[in-house]
Student: 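This is the structure I have questions about; it appears just below.
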Amino acid sequence: MHIAWLGKKSPFCGNVTYSREVTNALRDRGYQVSFIHFAANNQSDSDQEFSLPCLYKSQIYTLPGPGASQTLLRTLQKLRPDVVHASLTLSPLDFSLPEICAELGIPLVATFHPPFAARGLNFASSTQFFTYQLYAPCLSNYDRVIVFSRLQQDLLVRLGVPLARLCIIPNGVDTDRYSPGWSNLKSELNAACLFIYQGRIALEKNVEALLQAWKRAEMGNRAKLLMVGNGPLSASLMNHYGPEQGVLWLGFVAQEQERIRLLQGSDVFVLPSLVEGLSLSLLEAMACGLACMATDAGADGEVLEQGAGIVLSSRGVATQLRTLLPLLAEQAEFRRILGTKARQRVLERYTLNRNLDRLEELYAEVVRPVCSR
């Protein structure tokens, strides 16, 4: 089967990781994958990669350049794939895809990534809810739309997307690469207990609540908090929280093996987000055997439910963390139990192989009607 994958290669974000991991795994399983992505106009195509003109792209949205739709149409006419899979980049082109693929008679699958708030919060007034409202009519025209959780599915159904078009396939992690392992990180940093946050340093990630709780909890000299990532709030927060409070800012870590080493050397992963989809960073930390705390935003609460980790309410995160941070720092056995349960949960529900098995079934479903015509 030949899959034309429309996704992101930069800047680094969860969508980029998702596209890279899934397309590489599909190729490993023998599929032909042509990767179509937004890039500078002067980028040349290769046998496996094809570019679309782009005016601007960020971690959140993408603005196509002039002629992007026609370039995509010509590329698909040339490739003649069996299926198009769009890892939606929040681009105006997302709304043209159903018409383009219908014209060519190619089945169209989408993965819908936008984060959403916890159940019970005033999500209806948020920017995220507007994104769901905006996209719902368009998603109804895709052959299938992949979402990460039942909460996300229910939300789209309420907004008018037919249930039959939706398919729940959670993110998956390579549990061979992301696994518990030895690291000398704690001795390097002179720490008895290491907490870690990995992600964007941005408002929706609620990192200031974590930093406030850390400072007020007076964690002592031997506990340290690693902040891995960058974003619009980095500079201002670094001015108020630093090594004197045991907070170490590592910035964006590009090398995957180094990110894995940081996880393997840490004890507790903390994700205080106000909105989420299904965090790959959380799944990676769980696969590495860390004790994990995350809010009930998006699907993260489902991931940690029933004892696989500590689920925080999205309301009052700083207050909850002020109690939990010292507790976890002092209770090594409790951390070990949580880490074991986290790893087991990933093995049961969130492996990349499981994700690929379900994706293969989905492709077969949408391609079969076309082949029978």
Side-chain angles (χ1 to χ4, degrees), residues 1 3 5-9 12-31 33 35 83 85-89 109-116 144-153 156 166-181 198-199 256-257 259-260 262-264 269 271 273 276-290 292 294 297-306 308-309 311 339-366:
M1 186 183 295
I3 301 152
W5 185 281
L6 180 59
K8 293 181 74 168
K9 293 186 73 70
F12 183 81
C13 60
N15 195 324
V16 171
T17 303
Y18 175 84
S19 290
R20 183 192 65 227
E21 293 292 305
V22 176
T23 54
N24 286 342
L26 286 169
R27 290 187 180 116
D28 288 343
R29 292 193 176 198
Y31 290 87
V33 180
F35 198 121
V83 63
H85 187 151
S87 180
L88 295 179
T89 59
V109 173
T111 301
F112 191 55
H113 295 270
F116 55 102
R144 293 290 189 281
V145 178
I146 295 169
V147 294
F148 299 137
S149 71
R150 192 164 300 281
L151 280 173
Q152 195 181 11
Q153 175 186 267
L156 287 171
L166 298 169
C167 179
I168 300 173
I169 303 181
N171 280 335
V173 62
D174 186 331
T175 52
D176 293 326
R177 288 207 314 273
Y178 289 87
S179 61
Q198 272 193 357
E256 181 183 41
Q257 196 52 50
R259 294 199 302 272
I260 293 173
L262 292 172
L263 289 173
Q264 290 176 334
F269 179 86
L271 186 62
S273 300
E276 276 289 348
L278 173 51
S279 170
L280 270 170
S281 293
L282 173 60
L283 295 179
E284 290 165 356
M286 293 171 69
C288 288
L290 276 72
C292 292
D300 291 350
E302 292 182 26
V303 173
L304 295 179
E305 66 185 0
Q306 298 176 342
V311 181
T340 299
K341 289 186 174 182
R343 168 79 178 174
Q344 187 59 39
R345 174 60 55 80
V346 169
L347 292 175
E348 290 170 356
R349 300 185 187 178
Y350 301 105
T351 66
L352 184 58
N353 279 334
R354 180 186 175 96
N355 178 300
L356 265 291
D357 289 343
R358 298 176 71 181
L359 193 54
E360 285 182 313
E361 294 171 2
L362 179 59
Y363 288 159
E365 285 178 16
V366 298

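Along the sequence shown, residues carry numbers from 1.
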Student: Do Gln198 side-chain atoms and Leu262 backbone N/O form a donor-acceptor pair below 3.5 Å?
Tutor: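 Flag not set: sc Gln198 to bb Leu262 has no pair under 3.5 Å.
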Student: Considering only heavy atoms from C-beta outward, does the side chain of Ile168 approach that of Leu166 to under 4.5 Å?
Tutor: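 No - every pair of side-chain heavy atoms lies 4.5 Å or more apart.
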Student: Using only heavy-atom distances, determine whether the side chains of Ser279 and Asp300 contain a donor-acceptor pair under 3.5 Å.
Tutor: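 Side-chain D/A pair, Ser279 to Asp300: absent.
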Student: Below 30° counts as parallel, above 60° as perpendicular, anything between as tilted: where do the rings of His85 and Trp5 land?
Tutor: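 His85 vs Trp5 ring planes: tilted.
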Student: Report the distance from atom CG of Leu280 to atom CG of Leu352, rounding to the nearest 0.5 Å.
Tutor: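 CG of Leu352 is found 9.5 Å from CG of Leu280.
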Student: To the nearest 0.5 angstrom, please state how far the OH atom of Tyr363 sits from the CZ atom of Arg144.
Tutor: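 Here the interatomic distance stands at 13.0 Å.
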Student: What closest approach, in Å, do Asn15 and Leu88 show between heavy atoms, and which atom pair accounts for it?
Tutor: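 Heavy atoms of Asn15 and Leu88 come nearest at ND2-O, 3.0 Å.
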Student: Is the side chain of Ser19 donor-acceptor paired with the backbone N or O of Val16 at a distance under 3.5 Å, no angle test?
Tutor: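 It does not hold such a pair.
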Student: Check Arg177 with Glu256, please: is the shortest side-chain N to carboxylate O separation under 4.0 Å?
Tutor: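 Salt bridge between Glu256 and Arg177, a charged N being under 4.0 Å from a carboxylate O: yes.
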Student: What distance separates Leu278 CG from Leu283 CG, expressed to the nearest 0.5 Å?
Tutor: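 Result: 5.0 Å between the selected atoms.
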Student: Check whether any side-chain heavy atom of Val346 sits under 4.5 Å from a side-chain heavy atom of Tyr178, and report yes or no.
Tutor: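 In short, these two side chains do not touch, never coming nearer than 4.5 Å.
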Student: Is there a side-chain contact between Leu282 and Cys292 (heavy atoms, below 4.5 Å)?
Tutor: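 Yes; the side chains approach each other to less than 4.5 Å.
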Student: Between atom CZ of Arg354 and atom OG1 of Thr175, what is the distance when rounded to the nearest 0.5 Å?
Tutor: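 Reported to 0.5 Å precision, the distance equals 12.0 Å.
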Student: Hey, does the side chain of Arg349 reach the backbone of Val303 with a donor-acceptor pair shorter than 3.5 angstrom?
Tutor: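 No; judged by distance alone, with no hydrogens or angles, the pair does not exist.
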Student: Restricting to non-hydrogen atoms, name the atom on Pro170 and the atom on Arg358 that form the minimum distance, rounded to 0.1 Å.
Tutor: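 Residues Pro170 and Arg358, closest heavy atoms: CD-NH1, 3.5 Å.
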Student: Indicate yes or no: does Glu305 engage Arg150 in a salt bridge with an N to O separation below 4.0 Å.
Tutor: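 Salt bridge flag = no for Arg150 with Glu305.
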Student: Would you compute the distance between atom OG1 of Thr17 and atom CG of Asn171 and round it to the nearest 0.5 angstrom?
Tutor: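 Those atoms lie 9.5 Å apart.
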Student: First locate atom CG of Asp357, then atom CG of Leu362, and finally report the distance between them rounded to the nearest 0.5 Å.
Tutor: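 Atom-to-atom, Asp357:CG and Leu362:CG are 12.5 Å apart.
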Student: What pair of heavy atoms forms the shortest contact from Arg345 to Tyr350, and how long is it?
Tutor: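 Here Arg345 and Tyr350 meet closest at O-CD1, 3.9 Å.
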Student: Quick check: closest heavy atoms across Ser87 and His113, and the distance to 0.1 Å?
Tutor: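 Closest approach of Ser87 to His113, heavy atoms only: OG-NE2, 2.7 Å.
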Student: If you compare all heavy atoms of Asn355 against all heavy atoms of Gly172, which two are closest, and at what distance to 0.1 Å?
Tutor: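 Answer, listing the atom of Asn355 first, then Gly172: ND2-N, 3.6 Å.
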Student: Do the non-hydrogen side-chain atoms of Arg29 and Asn353 ever get within less than 4.5 Å of each other?
Tutor: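 Touching, per the 4.5 Å side-chain cut-off.
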Student: For Val22 and Leu356, which heavy atoms make the closest approach, and how far apart are they?
Tutor: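 Result for this residue pair: O-CD1, 4.5 Å.
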Student: State, with a plain yes or no, whether a side-chain heavy atom of Glu276 is found less than 4.5 Å away from one of Ser281.
Tutor: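 Side-chain contact under 4.5 Å: no.
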Student: May I ask you to test the Phe148-Glu302 pair for a side-chain heavy-atom distance under 4.5 Å?
Tutor: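 Phe148 vs Glu302: side chains apart.
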Student: Could you tell me whether the side chain of Met1 reaches within less than 4.5 Å of the side chain of Glu360, counting heavy atoms only?
Tutor: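 They are not in side-chain contact.
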Student: Please determine whether a side-chain nitrogen of the Lys or Arg among Glu284 and Arg259 lies less than 4.0 Å from a carboxylate oxygen of the Asp or Glu.
Tutor: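 A salt bridge is absent here (no side-chain N lies under 4.0 Å from a carboxylate O).
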Student: Report yes if some heavy atom in the side chain of Leu304 is under 4.5 Å from a heavy atom in the side chain of Met286; otherwise report no.
Tutor: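 Result yes, sub-4.5 Å side-chain heavy-atom pair found.
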